[in-house]
Structure formats: C-alpha cells, structure tokens
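So you know, we letter chains A, B, ... as the sequences are listed, proteins then strands, and number each from 1.
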Protein chains: 2
Amino acid sequence: MAVRQRATIGDVAARAGVGVGTVSRVLNGSRNVSEDTRERVLRTMCDLDYRPNRRARALSTGRTQNVAVMAPFATEPSVVERLRGISRVLQGSDYDLTLLDVATADQRDRQYRAVAAGDRFDALLAISLTPTDDDVKRLARAGLPTVLLDCDHPDLPRVVIDDVRGGMLATRHLLQLGHRRIAFMGEDADERFRFTASARRREGCELALEAYGLALEAPYVRVGPRGRAATHRLTDELLALPERPSAIVTSSDTQALGVLEAASSSGVRIPQDLSVVGFDDLDVAAYVGLTTVRQPLHASGETAARLLLERVGQTLGDPVRKVLELEVVPRRTTTVAGA
Amino acid sequence: MAVRQRATIGDVAARAGVGVGTVSRVLNGSRNVSEDTRERVLRTMCDLDYRPNRRARALSTGRTQNVAVMAPFATEPSVVERLRGISRVLQGSDYDLTLLDVATADQRDRQYRAVAAGDRFDALLAISLTPTDDDVKRLARAGLPTVLLDCDHPDLPRVVIDDVRGGMLATRHLLQLGHRRIAFMGEDADERFRFTASARRREGCELALEAYGLALEAPYVRVGPRGRAATHRLTDELLALPERPSAIVTSSDTQALGVLEAASSSGVRIPQDLSVVGFDDLDVAAYVGLTTVRQPLHASGETAARLLLERVGQTLGDPVRKVLELEVVPRRTTTVAGA
DNA sequence: CTGAAAGCGCTTACAG
DNA sequence: CTGAAAGCGCTTACAG
C-alpha cells in the first residue's frame, strides 16, 4: 500500500472553506475565531484525520518541543532513577526527552557547546555535570532555559542536596551506635569532571567526628576510582590497618556493595565485625539490606523537570536553588560497636 | 547581551558570492561543485561560524534526525543496560535519541500509534514491547524503519535471545551440581503486555528436568507480580513446602535478589541450604555473587542500534532476526547439592 | 558546475 | 473575526 499523504493545514482550510490562517488560529487556540468557524474547522480536521506537522511548526516558531537531558548515564547508577523522575514529569507535557549521554569531561564540554550553539532543543536539564562560567554564558546568550540537577552554579536554577550534611548523617549514625574508629571511602575527585560530592561528604564525616572530639586520620581515608576492583583494593587496605576500623562510611551504594563483597571474601562479618553505610538508596540497597543515606533520586528528577517546564517560554526570574532532604535508612549492614 | 542572530545559508551565499543552492550543495557533499567554490564557501561558513538549521532541514527533507527508543524504562531494570548500548552506538551517528518510557499496556498502544502517526522520528527502536500486527502495519505504512529488541515479530528485524534455552541452561547448571528438587520462580505473564520471557524460561526449565527424567511439579512453580514483597511471599511458599527445594531457578536477577533476601531472613543459608540462579547478569549480580544466566544486555542494545542505522534511509531487505548467546555465570549462590 | 525559483507546512503581523 | 501574504531556512529539480 502506498504511503497515504497526510492532510496539511491547506487541505483543512480548503475543505472547510476558510483561510489557512484561520485553521492555524483554531489550532493554537486563538480567541479571535467565531464559534461557528471554529467548530467547522474542528470537524474538518477530524474528518481528514489532520495532525499538525511538528517540523513545520518548529521552523516557524523556532521551537522544537524537545528538551535535552545531559547526564553521565552510562557511568553513574544514580542517574537512572533521576531520569525516571524526569521522564515521568515530561510525559505529562508536550516535550520529548532527548538523552545526551556524557562519559568524559571532553564530551561534557563538547555537548554543552553543541547544545548552546544548536537549535535542537528548547531547554536543557543537566545532571551531575557542572557547567563552566563560559558554558553558562553561552547558554544564556542562546536563550536556552537550563536547569541543573545534582550540580551547582549560582546563575542557574538547580536541585541539589547538602553533601556535607549527608556525610555527617552517615557518620553520626555510626557514632550513635558506639563506633569510634570510623573510616571514610570516597571517589577520586576528577578535577576536570568537577564531581565534588565525594569530597564534601568526607568533609561532613570529619565534622561529625569532630563534634565527638574525634579526628579523621589520614589512614582512615581512602579515595580511589570507581569500580569493583578499585573498591576491593581500598577495602583491603582499610582492613589491613593495625587498628582496623569498626565502620566505613562510603560515598555511594555501589561502593558500599564493593566493600561488602570484599569484606565477606576476607571472612569479615557484616555487621558484627564491620558496619557499612552507603549513599543514595538505590533499589538494590533494600534488597541487600544496606544501611544508607537516602537521597530522593526519583523526586529530584521530578522537581528538576518541573522547574524546567516552568522556565520554558517564561521570563526568567532569579535562579532558584532547591535543596532536597536526606535521611539515614538503617538496615542490616550497621549495628552497635563491638556487637 | 542581545541574542546574536545565527548566520543562515543566505548569509553565507551572499558573502561568498554564490547562490544558496551552491552552499547547500557543499553542505551536503554534492559532487557537482568545483573545488574552487567549495573551498570559498567552506571558508565563508567558517568565518561566519555557520551551522545548518536542523529544523529547516527537517521540514525540507522530511527527516528529523531523531530516533525514538520506546521501552519500559521505569519498570524493567534490564532496559537500562540495553539503553546504554543503544546510546553508545547512536553517539557515533547523526541521530538524537528520544526516550519514550512506557509503563502500561495502554501507554504502549498509544505510543505505537503516536509514533506511526507522527512525524517526530526517523526510526523506532522498541524494547521488550511486542507490537500488534496492526502496529506493524501502521509503522510500515508510515514508512518508519523499526527494529525490535527483546521482543519478536516476523515482519520486523529483531534482536532476541532464546528464552527456552536460557531456562534450560540455568536448570542444567543445577542438575549438574547434583540438585534434583528444583523449583522455578517466574513473573506473571501480563497478557496485555505480551511479556513472554518468563513463561518460555519455565518451559526450558521443564525440558532440562525431563532430560534427567524429572518433572517440574506444580507446587514447585511459583509465579507472581514483580517487586520485593511478592517475591518474598513466593519464596516463603517454596520454603514451606514439605519437601523444600534445594535450588530455585528465577526469571530475573531482581527476583533472585528477593529470594536471597527472603531466604536469609528465614535463616536459610545460601548456597549450603539453597542454591539460587538469576537471569540477566545485571551489574549488581557480580557484587552480590549471584550465579546467573548472562545475556549480553549492552551488546544487544548496540546490535539493535546498528541494525536501525542500517535501515534508516535504506531500502528494506528481509527482516533479520539476531539471536544472542547465553551463558551461565557460576558465582557464590549455587553449590553442589547437599553441601 | 551553478543560479533562480519553487516548495516543505506551518505562524503571524497586516489589512480589512 | 478573517483572508492573503510573507517568512522561517533549508533542499532540489530545472534550466542554462
């Protein structure tokens, strides 16, 4: 069967005996159309199974109905849940979600430029990818509404958590269980990537210890690249310490899983010999009973997406900064010291 | 600073002293341009920092450079890894990836129609969402290249696994370890959603047992909705059987995690008292040491995306059907019977 | 090899 | 309230 030609606005106009401008007006809900003609046009559109051509509208209006979501999708497990929240909100809108996966700092730089220079998107939502001042300027110059999620910039609306507080919460949970020899395991701060969460959580860990008159000694801080192998190495180092820690604060659930695995393969019992706290509360945390600092990943995506929809096509007010709540979810990987 | 107007093809033409048609030709790499003018135009484009307007090109050519990836993204963990593979391949192309999340059968039906009726996409890649015959016809009529991943339809190119074989592999692994009382835990076959993987894996489980002269008795088959709570219930039912199974074949890693959790909270030791096999080999499987049937999720996305790129803008040959390899990855949740 | 022109399907002042 | 027309920025026969 041949491809049947779709009806255009011209077909509708001709059939309804009006001008294309009028059809366009009813299409866009303009008030300046008599009830009579509106109805006639509407009926004709229905008869012809007319659907507006997005491409033509895009060229005419300069808008694409596409929003870009730029994120380290391949490498960062927490991004997935945020993305689900974003997708959920965008489903209720007229916007399509284009996924821009970014794995390296170079890619991030390129994508920020491409998005600002191009005409593919009506808005940008960037996750965990802090823009440079230049990026922000280019975006502003291009008039592209932008919202940040899990990263920060003073000139942009953003949804974040208080990472320092997160580190404090995790550590305080352990302190309250009686632990005193507490270690911190974090991720390399890739300078170029500007991930700072891990460093700030460590800061929180220190502050919490200080409040108890304790210090976070250098040997008890282990920072390395992500991945199972690296996490195992870091864990082994901590477990080999003359005064082995009784608890470890990690900077992600994934890392915590690696610690659990390494510990169990060294015959270290969880939580009797070692308490472990994760960060994020990924789905898997509940399955394996991981005590963790919960951040509302799904809700963060929803909030950011709503913020973005608010900005699209509106005059911009002052950039908002929403800080989401954190809480410790105690499960089976932590217990009282000396249990 | 005001929004600086982007240069158009007209600006370039004027500055270079040629017609817009010529500029368009060098843009599209047409052979019919003299080396001289080509170079002059190229230089001018560079001077003016010219970038072609996608929207205009889309209207003119009828193509959007957007491919839709439709998937149960919010509900199906395996989709994430597939999506990563797709994204990776698409990054090397000129196509953007639009994510169409589908959570219910209704949404699936609506999206299939919308994609076929609309003009938003140049191609469609559907994951785990079997189309109806009508859907396929509409897609064909719309001339929309379509590829299926993890679902099947005779008229469409598709990338699948042999689920029956997967069930056999898992079961055979346990049989070879000496297990004889083997249970199967699967997911409800939501008729309307046309998920059939679980039922086919169960079939494979039966076949493997039969080859050993064993039967899969009704009490040893438990099927229910997904989710931790349901999985716990199913596990408790199996563990309460007068002749408790020594091993369970599950139809997903997520479900297997639920079994591990339920078992351990009942004081059943893994793997000494109970062996468990998952399906998929999600990242988390390695972390928790789950024995599982590995299917190449990432590679499946890559393969499907490549198939899609091949179809875009090409005349269609016979639909290919690629069947990916499966293998058992033995880890720490299975051991010899009576260990 | 190259230019002028029509056309893609809309939107939006501009008249009336 | 409504129609005719220009315009969005490209592509692509059609002449030459």
Side-chain angles (χ1 to χ4, degrees), chain A residues 3-42 44-45 48-66 94 117-120 122 142-143 313, chain B residues 3-42 44-45 48-66 94 117-120 122 142-143 313:
Chain A
V3 175
R4 200 186 347 146
Q5 287 305 316
R6 295 251 311 268
T8 71
I9 203 175
D11 298 332
V12 176
R15 180 83 107 83
V18 299
V20 294
T22 302
V23 177
S24 175
R25 273 173 220 117
V26 347
L27 217 44
N28 294 291
S30 164
R31 307 269 294 96
N32 302 327
V33 183
S34 76
E35 201 43 52
D36 263 22
T37 49
R38 172 188 307 284
E39 258 185 32
R40 186 148 37 93
V41 169
L42 248 19
T44 312
M45 295 200 302
L48 266 41
D49 190 29
Y50 168 77
R51 289 158 208 256
N53 180 319
R54 269 216 199 201
R55 294 184 297 256
R57 183 178 282 190
L59 179 56
S60 202
T61 62
R63 278 173 296 124
T64 60
Q65 303 295 94
N66 269 118
D94 285 333
D119 47 14
R120 295 183 287 166
D122 292 349
Chain B
V3 176
R4 195 176 1 135
Q5 288 304 316
R6 295 255 309 269
T8 73
I9 203 175
D11 298 330
V12 176
R15 180 85 107 85
V18 300
V20 294
T22 302
V23 177
S24 175
R25 274 172 219 118
V26 347
L27 217 45
N28 294 292
S30 163
R31 305 271 294 97
N32 301 327
V33 183
S34 76
E35 201 42 51
D36 262 21
T37 49
R38 172 189 305 283
E39 257 185 35
R40 188 148 36 93
V41 169
L42 249 19
T44 313
M45 296 201 303
L48 266 40
D49 191 30
Y50 169 77
R51 289 157 207 256
N53 181 317
R54 269 217 199 200
R55 296 183 296 255
R57 182 178 282 188
L59 179 57
S60 202
T61 61
R63 279 173 295 125
T64 60
Q65 304 296 94
N66 269 118
D94 285 333
D119 47 14
R120 295 182 288 165
D122 293 347

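Atom CZ of B:R54 is separated from atom C1' of D:dC8 by 18 Å (rounded to the nearest Å). Rounded to whole angstrom, the span from the CG atom of B:D119 across to the C1' atom of C:dG9 amounts to 10 Å. In this entry the distance linking CG of B:L59 with C1' of C:dC8 reads 4 Å, nearest Å.
For residues 8-29 of chain B, the set of pairs meeting the salt bridge (charged side-chain N to carboxylate O under 4.0 Å, His left out) definition, not counting sequence neighbours, is empty.
Considering CD1 of B:I9 and OH of B:Y50, their distance stands at 4.5 Å, rounded to 0.5 Å. Atoms CG and OG1, from A:D122 and A:T61 in turn, are 7.5 Å apart once rounded to the nearest 0.5 Å. Distance check: B:Q65 CD to A:R120 CZ gives 10.0 Å after rounding to the nearest 0.5 Å. The line from CZ of A:R55 to OG1 of B:T64 is 7.0 Å long, rounded to the nearest 0.5 Å.
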Q. For nucleotides 10-16 of chain D, read 5' to 3', which letter fits each nucleotide if B means a protein heavy atom sits under 4.0 Å from the base, S means only the sugar-phosphate is that close, and - means neither?
A. BBBB---
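For the side-chain hydrogen bond (donor to acceptor under 3.5 Å, both in side chains) test, residues two or more places apart in sequence or in another chain that qualify with A:S24 are A:N28. Considering only residues two or more places apart in sequence or on other chains, B:T37 meets the side-chain contact (heavy atoms from CB on, under 4.5 Å) condition with B:V33, B:S34, B:R40. Qualifying salt bridge (charged side-chain N to carboxylate O under 4.0 Å, His left out) partners for A:R54, counting only residues two or more places apart in sequence or in other chains: A:D96.
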Q.
As a check on the pairing definition, encode DNA chain C in dot-bracket form, counting Watson-Crick and G-U wobble pairs whose two distances are under 3.5 Å, and using | for partners outside this strand.
A. |||.||||||||.|||
